[in-house]
Each structure stands twice: as C-alpha cells, then as structure tokens.
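All remarks here apply to the structure that follows.
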Amino acid sequence: MMIIEDLLRRALLAAVERYGVFEEDVDIILEKPREADHGDLSSNLALMLGGRLKRKPRELAGEIAAAVELPREIIESVEIAGPGFINFRISSGHQIERLLDLIQEDGALEAIKTGGGKRINVEFISANPTGPLNVVSARAGAFGMTLSRLLDAIGFDAHAEYYVNDAGRQIELLGRSLRAHYMQLAGEDVEFPENGYKGRYLEIMAGELLAQDSAAIRKAGEAFDNESFQRVEIPKGDATVWKDLPEEESTACFSKYALMKILGWQRETCRRYGLRFETWYFESELHDSRRIERALERLKKQGAVYEEEDAFWFRSTDFGDEKDRVLVRSDGLPTYFLADIAYHYHKFQRGFEHAIDFWGPDHHGYISRMQGAMKALGVPDGWLEIQILQQVTFLEDGRILDMSKRKGQFVTMDALMDEVGADVAKFLFLMRKPNSHLDFDLDLARQQSDVNPVLKVKYAHARSCSLLGIAAERGIEVGEPTAASLTHIQDESAWAVVRELVRLPQVIVSAAKSREPHRLAGYALEIATLYNQFYNQCKRILDQDPESRLALLHLTVLTGHVLRRMGELIGIDLPESMEKRD
RNA sequence: GCGCCCGUAGCUCAGUUGGAUAGAGCAGCGGACUUCUAAUCCGCAGGCCGCAGGUUCGAAUCCUGCCGGGCGCGCCA
C-alpha cells in the first residue's frame, strides 16, 4: 500500500508543474494539523510558492486545490483555509485501511524499512571501568538503545557497542587504589595514592578480596567466558600472593582484578537496564594489535603530523580545531586521543557504513579534532556522527548531587533502578529531548506517583487487555480486526484514537531520522490518553450492540498492538495486568 | 575571553524542523465515575515563549546583539 503522504505529494507536484515548479524545487511537507477541524493532513505548498511566484497564497491554493487529482475513495475533501493552507480529509474507509495496514506483514511498518540493511554502529555509555555505572549513564543508555532499535525499525542493521578504556594510567591508578585499600585492611602501612579512587566500593572490594582464594577468583573471572570479553584477564593466584610481588607487578594484578569485577558490575547493570551490546570493544586490543601505531603512521603519511618538543602533534587546526593536539606525548606514550582515533578508524575498517557516538556535553570540545582526524585518515565526510546528550543534574533534598567519582559520593544506576525501577527511569529520560539539560529529582522519582507517566501507558495497556479478557469470558468472539467491523466506529473519541494510531510509521521514521527518540515517549503517552478518553466516553463497550461492540473491541486490539510496539522500542515492559492499587 | 547547549504556565517539560487560537503532566480550584478492577475522565485558572532588533505573507522556532544559567577550553582520560 502506498503511503498516503507520498500519494498526496505526487498529486500536488503534478498540480504545480504548470507553474514551472518541479520536485527538486520544493520540499512538500504534509503534516497533521493541530486542530482536528483542519482536516487530517495539511500542506503549506501554496504559502511557500506564493512568494516565489509573486502570487497571493490563498488564490494559488485555490488553483492548486482545483487542479489536484485525487482518488475520491481515499481523499474525501480538499479545502483551502487560513492564509493558504490546503487541507485534506481522508475518507473513513481509507483511514481504516491505514489502520489495518499496521498489522499487515508487508504493511506500513515494512514500507518504512528503507535502510537497505546498512550496518550502523551506535556507541554509547562507554564509561571508564573504574567504578559502578553512574546515573549519568542512564540517559545515554536509554537513548542509545532506543535509537538502535529505531534504526533497525527503519531497515538498518544497528550494532550497539561499548568502548572500554581498559588501558592507561587510570587503570593503573585503580589497581594502586585497590592495593592500598587491601594493604591497609591487611594491617600494612601503605599510603593511599594521590588522586586515587576513594569510592567505598573499592574498600568493600578489598574486604571481599581478603576472604577469597585463587579458586574463587578464577571462578569469578569465568563469568566472562564470552567472545566480547576475551580481553578480561584474570590475575593468577590470589591477593596474598599479589601483595608480596614487586609493586609494579602487584599493582598489575590488583588492576586486572578490579577491572574484572567492575566490568562484571557494569555488564550486569546494563543487562538489568535492558541494554544489549553486541560488542564490548577493549582499548587494550588497540595497543596489542598495533592499531594505534598504524593509525599514527597513516596520519603521518597524510602529512597531518609534525614533531615538536619531543611530542607528535596532529594538525587539527587544518580541520577547524582551535589548536593542534598531541598524539604522542614527549614521554613516548600515546594520548587517549590517538587511541580514540585508532578505535574509530578500526570501526570504519570493520565495515560500518555509518557510526553514531553518544557523548556527554563535557566532550563537545573534542568533536572537531575527532572529525578532523577522520577526515585526515580518508574517512568519508559524515561517516562519524556525534550526538551530544546534555547533562543531567540529579537533585536530592532540593540539592544538586555532586557526581564526581573520585570524591566517592555518587549515585549508581543500580541505586536508581532500586529506587524507581528501570522502566520508570528509562521513560523519564526518554521524555526529554537530547540536547536539553535535565533536572532529575530523585525524591520525586522515588514517590512512584504522578511523576511517572510511564504508569499511565502501562495502565492503558493493561486496561485494553483486561477489556478483551472480559469479552472473552462473556463468550464474545473478537478475532482479528477487519475493515468490515471497523467501519462501525461511530464515536468521535474512538476516531481520535484511530487517527493517532495511524501515525505510528511516521513517528518511528521521524524519531529515527532526527535522532530524537523522545518523540516515542510523547506518542505513547498520547495514545494512552486518547485511549482512556475513548474508554471513558464509550460507556460500557461490552453492552453495546454487537456491531459497535466488535468495532470498539477491534480498535482495542489495535491499540494494544501499537502500544506494545512502543514498549519494545522504548524498552519498557507492558504487562497485561497491574497490581491493584490500595 | 573563546566555543557548545539551554532560557516556554508556580514546578518539570513538549511544541511535528518557519504555519492556523503556544500545549501536556504535576501542583491549585470545581466536577464526573456506586464501573468493563485501575494511577481514569471532564471543566476552571494559570503566558511579554529571557530582553531588543532583523529576515517575510507568517517567528517560540532562522540571523545579530545583549542578559541569565550550565558545560568545555591539558603533552588528563
């Protein structure tokens, strides 16, 4: 079935050809007007063309409307309104066809799959493996995962990825911190490293370590028997052995242990939050496979590197950066930036046709140099897309929580899930657009009350299920929705539901293409609200005459379908029944 | 100082990419529902869309300049 917007677009184009206006001249936008009185779809074509053709928009609209050829069985009426809008009203018969098309195997949800199976890498969270996942990752998790699903929904092959910075100084510092805690608990006098990780979790980890033998440690490490985690190394022996090793070796063992434990936590937290990463990519692999040196060589070959004061610099100013950046420090160690270049270059080599990174706002200054490096390496423009997710401020007792890990006071994603549940958290994050700062009031979220619009969606779904359940109990045969039954929809509130459900494909496409998954949450809420209004308006659906009853039950079936599709995309569970509230 | 993001109802936020009378939830007030179990529904009130210019048929949306808030400006990661 042809999408109705395309049909109208073509008809309008044909109608304006005689003005010398062709497809490439104008982007015809058809949208659902805010006011139901204005029809089902509206075009501002005449308004846009008015200036160019030096014509009064309203007159022009009249001419276009008269010239446009449309099948009457689909478009019931064409009207001119306001300053020159052309409003179309879709016939009820066709509206029902669109509705049914949502559940056809080769229907509208199939038609929007225009991605051609192209592989897109979506990287998000990628938090340092130096502590439990912090709540600030929760927003990225919700967005990244939902965008991945959205991309799949429009026919791409999305690949969720997590980059693990398991190399470099911070990991050494992590090991030294754990070692110090361990030594102190074991009664040894060891100084805590300057800028070490002071989180309580490391103290607890050290305490547990005291009681563990090498067999237990090995067993814990075996939890990583998984292709993606081949880089996780389990230190040999146990901590009593490690602490007697020379300091450097000892630290390495504690580092490996801490990494193993923390990655275990992070992976479990992600699992609990409903995140599925196809790949966990380890920075250490870049070092071992010499990809870092190779990336540097390639940059050198392109003439994008120079040496100064014993360091190697990338000419990022050639690519719009405000200053050149160091790739290899004067002590010979590669910077994080160089590793990141190598990582993204490898991502490109792995055959992804596009890559999307979700970064925090504190990394925005990093974009131009990264894009510059990609360009210098010969990666096509636009291949790497960077989405900045603005900051989340967490409030507790009316005060802003300091999220600095090193100070040891922060809220974990697990704590958030304990307090409000994963679904509530995900939904709240997905209600906000990505580039707006967001205040997350933990006290409010804990209340589990009106601040949880997600419950409205869940209840609406449960309500639809229970209605169908009762119908079944009464022996009412519902079956699959058909055009014949749905034509008996009379009530305006029921039609309002129809008109909203029918937007599903377009909502998915726009949310995916604009990278604004938050539109899904708004849509799901709108459906829930309209369904509730309808339910309230059409009193006692089951007591109505058989034809109306069947029509409304079929509408209920379809509402359930659409809500569940939303639930899948957003990643929330929509149960068939809810606990009764006291 | 420079760069990025934000400023919309008392609060938290939407606003379909420049459209028609700027919306929702919460909080406040008033109703409905003795039910198909529901945290549901209806109504009222609440606005200088930070301020000032500009662009045009038309601006919360685009441009410029201010004001205010956040973040970033390392041979850190």
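Side-chain nitrogen and oxygen atoms of A:R329 include none within less than 4.0 Å of the OP1 or OP2 phosphate oxygen of B:rG74. In this structure, A:K513 does not reach the B:rU17 phosphate: none of its side-chain N or O atoms is under 4.0 Å from OP1 or OP2. For A:K32, no side-chain nitrogen or oxygen approaches OP1 or OP2 of B:rG19 to under 4.0 Å. Residue A:T393 has no polar side-chain atom (N or O) positioned under 4.0 Å from OP1 or OP2 of B:rG69. Side-chain N/O atoms of A:N536 include none lying less than 4.0 angstrom from OP1 or OP2 on B:rA32. Contact between the side-chain N/O atoms of A:R34 and the OP1/OP2 oxygens of B:rA20 is found at a separation under 4.0 Å. For A:R463, no side-chain nitrogen or oxygen approaches OP1 or OP2 of B:rC41 to under 4.0 Å.
Following rounding to the nearest Å, A:R432 (CZ) and B:rC26 (P) show an atom-to-atom distance of 13 Å. To the nearest angstrom, P of B:rU16 lies 9 Å from NE2 of A:H518. Nucleotide B:rG72 holds its P atom 17 Å from the CG atom of A:D321, rounded to whole Å. Straight-line distance from the CZ atom of A:F429 to the C1' atom of B:rC13: 15 Å, rounded to whole Å. Atom CG in A:L455 sits about 21 Å away from atom P in B:rA24, given to the nearest Å. For A:K323 and B:rG1, the NZ to P distance is 21 Å, given to the nearest whole Å. Across the protein-nucleic acid pair, A:Q387 atom CD and B:rC4 atom P stand 17 Å apart, rounded to whole Å. B:rC4 atom C1' lies 4 Å from atom NE2 of A:H364, rounded to whole Å.
Distance check on atom P: B:rU64 versus B:rC71 gives 25 Å, rounded to whole Å. Here, B:rG47 and B:rC42 have their P atoms 23 Å apart, quoted to the whole Å. Spacing between B:rA14 and B:rU8 at atom C1', rounded to whole Å, works out to 10 Å. Across B:rC29 and B:rG70, the matching P atoms stand 35 Å from one another, rounded to whole Å. Distance noted for atom C1' between B:rG25 and B:rC5: 25 Å (whole Å). Across the P atoms, B:rA60 and B:rG23 are found 13 Å apart, a figure rounded to whole Å. Between B:rG18 and B:rA32, the two C1' atoms lie 41 Å apart (nearest whole Å). Across B:rU16 and B:rG28, the matching C1' atoms stand 31 Å from one another, rounded to whole Å.
A donor-acceptor contact under 3.5 angstrom links the side-chain atoms of A:N87 to the base of B:rA20. Between the base of B:rA20 and the side chain of A:S42 there is a donor-acceptor pair shorter than 3.5 Å. Side-chain atoms of A:E309 come within donor-acceptor range of the base of B:rC75, with a qualifying N/O pair under 3.5 Å. The base of B:rA39 sits within donor-acceptor range of the side chain of A:Y459, with an N or O pair under 3.5 Å.
At the heavy-atom level, A:E322 lies under 4.0 Å from the strands shown only through sugar-phosphate atoms. Within the 4.0 angstrom heavy-atom criterion, no nucleotide atom of any strand lies near A:A460. Across all strands, A:S514 comes closer than 4.0 Å to base atoms (heavy-atom distances). Residue A:D166 is classed as having no contact, given no heavy-atom separation below 4.0 Å to the nucleic acid. Using a 4.0 Å heavy-atom distance criterion, A:I29 is classed as a sugar-phosphate-only contact. When heavy atoms are screened at a 4.0 angstrom cut-off, A:N44 is found touching base atoms of the nucleic acid. In this structure, A:K458 reaches neither bases nor backbone, as no heavy-atom distance under 4.0 Å exists between it and the strands shown. Among the protein residues, A:F337 comes within range of no part of the nucleic acid, since none of its heavy atoms lies under 4.0 Å from any strand. A:P361 comes within 4.0 angstrom of the backbone, heavy atoms only, and of no base. Here A:A462 lies in heavy-atom contact (under 4.0 Å) with a base. Among the heavy atoms of the strands lying under 4.0 Å from A:R474 are primed sugar atoms or P, OP1, OP2 only; no base atom is included. Within 4.0 Å (heavy atoms only), A:L525 reaches no atom of the nucleic acid at all. A:C465 comes within 4.0 angstrom of nothing in the nucleic acid, heavy atoms only. Among the protein residues, A:S436 comes within range of the sugar-phosphate backbone only, with heavy atoms under 4.0 Å from sugar or phosphate atoms but none that close to a base.
Remark: B:rA39 base-pairs with no nucleotide in the shown strands. Criterion, Watson-Crick or G-U wobble with two distances under 3.5 Å. Remark: B:rA14 base-pairs with no nucleotide; criterion is Watson-Crick or G-U wobble with both hydrogen-bond distances under 3.5 Å. The partner of B:rC44, taking Watson-Crick or G-U wobble pairs whose two distances both stay under 3.5 Å, is B:rG28. Base pairing annotation: B:rA9 forms no Watson-Crick or G-U wobble pair, as no partner gives both donor-acceptor distances under 3.5 Å. Across all strands shown, B:rG19 pairs with B:rC57; the Watson-Crick or G-U wobble distances both stay below 3.5 Å. Pairing partner, B:rC73: B:rG1, with both Watson-Crick or wobble hydrogen-bond distances short of 3.5 Å.
Annotation: cation-pi geometry not satisfied between A:R369 and A:F314 (NZ/CZ under 6.0 angstrom from ring centroid, within 45° of ring axis).
By the criterion of a centre-to-centre distance under 5.5 Å and near-parallel planes under 30°, the ring of A:F85 forms no stack with the base of B:rG19. B:rG7 has no stacking from A:H437 on its base ring, since the centres under 5.5 angstrom apart and planes within 30 degrees of parallel are not both found. The ring of A:H363 does not lie on top of the base of B:rG72; it is either too far (5.5 Å or more) or too tilted (30° or more).
Taking a cutoff of 4.0 Å between a charged side-chain nitrogen and a carboxylate oxygen, A:E31 and A:R503 do not qualify as a salt bridge. Under the 4.0 Å criterion applied to side-chain N and carboxylate O atoms, A:E526 and A:R499 are not assigned as salt-bridge partners.
Annotation: side chain of A:L150 is in contact with side chain of A:L520 (closest heavy-atom distance under 4.5 Å). Looking at A:D357 and A:K347, their side chains come closer than 4.5 Å, going by heavy atoms from C-beta outward.
Looking at A:T130, A:N195, A:N128 one by one, the single match for side-chain hydrogen bond (donor to acceptor under 3.5 Å, both in side chains) with A:Q170 turns out to be A:N128. The ring-ring contact (aromatic ring centres under 6.0 Å, His included) test with A:Y343 singles out one residue from A:Y163, A:Y336, A:Y162, A:F282, and that residue is A:Y163.
Side-chain proximity of A:H38 to the nucleotides B:rC71, B:rA20, B:rU37 is greatest for B:rA20. When the nucleotides B:rU17, B:rC71, B:rC42 are ranked by their closest atom to the side chain of A:Q533, B:rC42 comes out on top. The side chain of A:Q170 has B:rA77 as its nearest neighbour among B:rC13, B:rA39, B:rA77.
Side-chain contact of A:S316 with A:D321: a donor-acceptor pair under 3.5 Å is present, judged by distance alone. No hydrogens or angles considered: nothing links the side chains of A:T529 and A:N532 as a donor-acceptor pair under 3.5 Å.
The aromatic ring centres of A:Y531 and A:H461 sit 6.0 Å or more apart.
Base orientation of B:rU61: anti (glycosidic angle beyond 90° from 0).
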